[in-house]
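These values consider heavy atoms only, across backbone and side chains, with no hydrogens, waters or symmetry-generated copies.
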Number of protein chains: 2
Amino acid sequence: MSKGEATRQAVLDQAAATASRIGLAGLTIGTLASSTGMSKSGLFAHFQSKESLQSQVLAHAREKFVDQVVRPALAAPRGETRVRALFEHWLALSRDGGSACLFVSASAEYDDQPGPIRDQLVRDHLDFSDSVAQMFRTGISEGQFRADADPDQFAHDLHGVMLAFFHAYRLLNDDTAETMARRAFDALLAAVRVPE
Amino acid sequence: MSKGEATRQAVLDQAAATASRIGLAGLTIGTLASSTGMSKSGLFAHFQSKESLQSQVLAHAREKFVDQVVRPALAAPRGETRVRALFEHWLALSRDGGSACLFVSASAEYDDQPGPIRDQLVRDHLDFSDSVAQMFRTGISEGQFRADADPDQFAHDLHGVMLAFFHAYRLLNDDTAETMARRAFDALLAAVRVPE
DNA sequence: GCCCAAACCGAACGATCGTGCTAGAAAGGA
DNA sequence: TCCTTTCTAGCACGATCGTTCGGTTTGGGC
């Protein structure tokens, strides 16, 4: 990896961390430069514009999310075990303020601001949502989930469980957040499991 | 109502509308002044600082939310009917970008930024969450909901349903968002209703 | 060790940020 | 109508915003 690419990655790491605290729109070339020990112009040279920087931060976070959540889940056995692995990794990543936070806050920030950032967020979510639905479908074909259950609805509901956890954990500092998320997830599974 | 108070309300209305689009932190004295046809200093004189403005916007939104969601629900008959009324009014307010949006985006923005704004958000959510739990408890004492169901868990789960709806409706422009939210809500109720 | 290209910095740009100060316009009670 | 209180505009301030540009350092291939 060339030197330029290395610093670019370092900047993106720092930017993603900052953005998950103060939001993607709250990112500033100045603060980002001083927090990485670079000059404004030196940092700016790596990205053509601020919007491009934000876009690259999002792509960077997406890769991390796939690596730490989606891929580990796909490595687990098909069916409920896989869905549960997805949930656990997702939860773990959200807990320590990883890239999951970024998507939550960015989605709320840009849900009413048309443009490339919003488009990217939509695309990423649809991709992920499809992955979740697909995992659920394998669970159906494995005979673990009811055939009449809606995979998209499941993905939607699971997302809701995670958003609620996020809110309780990060905003409210509620230490029962994880317990509640687990109960909600279990209830979700209980409703779609095939009756014995 | 004095003239000053009238313009203050008008500014807060405009500010709340703007903030629900671009976020509470994205509010700017300049843009707010030009969108209300006032001068920066003239507008600023009504609020001692920007943070105070944000705080008052939040309080303004809270009042609207209580008026349009909580109060109508409390006017409905106790039990499931009341909970369902809460859900429907909440949904309706979220649909047309009312004050509900503001709390969702503000919560995501300030979940990692300590200070009075965050404290206010926490307080408001705890208040509301308690109201929801209380509505659920009356449902229990009416014999409509299971006595072993956890009211706080229900409030938490309902919040998750709303957050997921919000995401699907506003970010993804998913026109099945409402249907999915209703299904999720029905599933939530089905799990806590007393068996016949 | 030389040289070119890549990487980085410093200074500056116009614009806009939040925030004061002061003077004048408007409102309202007497 | 006058006087006082309330409201609002104009102007200015330091700071910071995103961005540009010319120059300096640095690193890798010969």
Side-chain angles (χ1 to χ4, degrees), chain A residues 1-19 21-60 105-106 109-110 113-118 120, chain B residues 1-19 21-60 105-106 109-110 113-118 120:
Chain A
M1 179 163 53
S2 71
K3 176 143 195 293
E5 180 61 18
T7 56
R8 204 185 69 98
Q9 292 290 330
V11 170
L12 286 181
D13 271 333
Q14 175 66 41
T18 308
R21 279 190 294 111
I22 61 174
L24 193 63
L27 274 184
T28 283
I29 310 280
T31 61
L32 197 50
S34 72
S35 74
T36 51
M38 292 184 66
S39 68
K40 269 173 60 175
S41 52
L43 187 146
F44 186 81
H46 287 274
F47 314 91
Q48 296 71 20
S49 69
K50 188 190 177 181
E51 196 177 73
S52 165
L53 165 67
Q54 292 170 322
S55 175
Q56 293 184 45
V57 169
L58 229 46
H60 191 70
S105 55
E109 273 185 276
Y110 287 90
Q113 294 177 261
I117 301 289
R118 187 193 134 118
Q120 195 169 345
Chain B
M1 180 163 54
S2 72
K3 175 142 194 296
E5 181 60 19
T7 57
R8 204 185 70 98
Q9 292 291 329
V11 169
L12 286 181
D13 271 334
Q14 175 65 40
T18 309
R21 279 190 294 110
I22 61 175
L24 192 63
L27 275 184
T28 282
I29 310 280
T31 60
L32 198 51
S34 71
S35 74
T36 52
M38 293 182 67
S39 67
K40 268 173 62 175
S41 53
L43 186 145
F44 186 80
H46 287 275
F47 314 91
Q48 296 71 21
S49 69
K50 189 191 176 182
E51 197 177 72
S52 166
L53 165 67
Q54 291 170 322
S55 175
Q56 292 185 46
V57 170
L58 228 46
H60 191 70
S105 54
E109 273 184 274
Y110 287 90
Q113 294 178 260
I117 301 289
R118 187 194 134 119
Q120 195 168 347

Sugar-phosphate only, base, or nothing, as touched by Ala45(A) at under 4.0 Å among non-hydrogen atoms: nothing

Contact summary for Arg118(A) and Gln113(A), nearest pair of heavy atoms: CB-O, 3.5 Å

Under 4.0 angstrom between Thr7(A) side-chain N/O and dC8(C) OP1 or OP2: yes

Interatomic distance where NZ belongs to Lys40(A) and P belongs to dC17(D) [whole Å]: 6 Å

Short side-chain N/O contact from Lys3(A) to OP1 or OP2 of dA7(C), under 4.0 Å: no

Nearest-angstrom distance from the residue atom CZ of Phe44(A) to C1' of dG18(D): 6 Å

Side-chain donor or acceptor of Gln120(A) paired with backbone N/O of Ser55(A) under 3.5 Å: yes

Separation of dC17(D) C1' from Gln54(A) CD (nearest whole Å): 13 Å

Integer-rounded Å distance: dG18(D) P and Leu43(A) CG: 11 Å

Proximity to the side chain of Ser41(B) - top-ranked nucleotide from dC9(C), dG18(C), dC21(C): dC21(C)

Touch class at under 4.0 angstrom, heavy-atom based, for Leu27(A) against every strand present: sugar-phosphate

Any donor-acceptor pair under 3.5 Å from Gln54(A) side chain to Ile117(A) backbone: no

Sugar-phosphate, base or nothing in reach of Thr28(B), heavy atoms under 4.0 Å: sugar-phosphate

Distance-only polar pair, side chains of Thr18(A) and Gln14(A), donor-acceptor under 3.5 Å: yes

Duplex segments of DNA chain D, taken as runs of at least three Watson-Crick or G-U pairs that stay under 3.5 Å: C:4-29 with D:2-27

Least distance between heavy atoms, Val57(B) atom then Ala16(B) atom: CG1-CA, 3.9 Å

Glu51(A) to Pro116(A) - nearest heavy-atom pair and separation: OE1-CG, 3.3 Å

Integer-rounded Å distance: dA7(C) P and Phe47(A) CZ: 12 Å

Sugar-phosphate, base or nothing in reach of Thr31(B), heavy atoms under 4.0 Å: sugar-phosphate

Separation of dA15(D) C1' from Ile29(B) CD1 (nearest whole Å): 16 Å

Length of the CD-P vector between Glu5(B) and dG28(C), whole Å: 14 Å

Side-chain heavy-atom pair Val11(B), His46(B) within 4.5 angstrom cut-off: no

Phosphate OP1/OP2 of dT8(D) contacted by His46(B) side-chain N/O (<4.0 Å): yes

Interatomic distance where CZ belongs to Arg8(A) and P belongs to dA6(C) [whole Å]: 16 Å

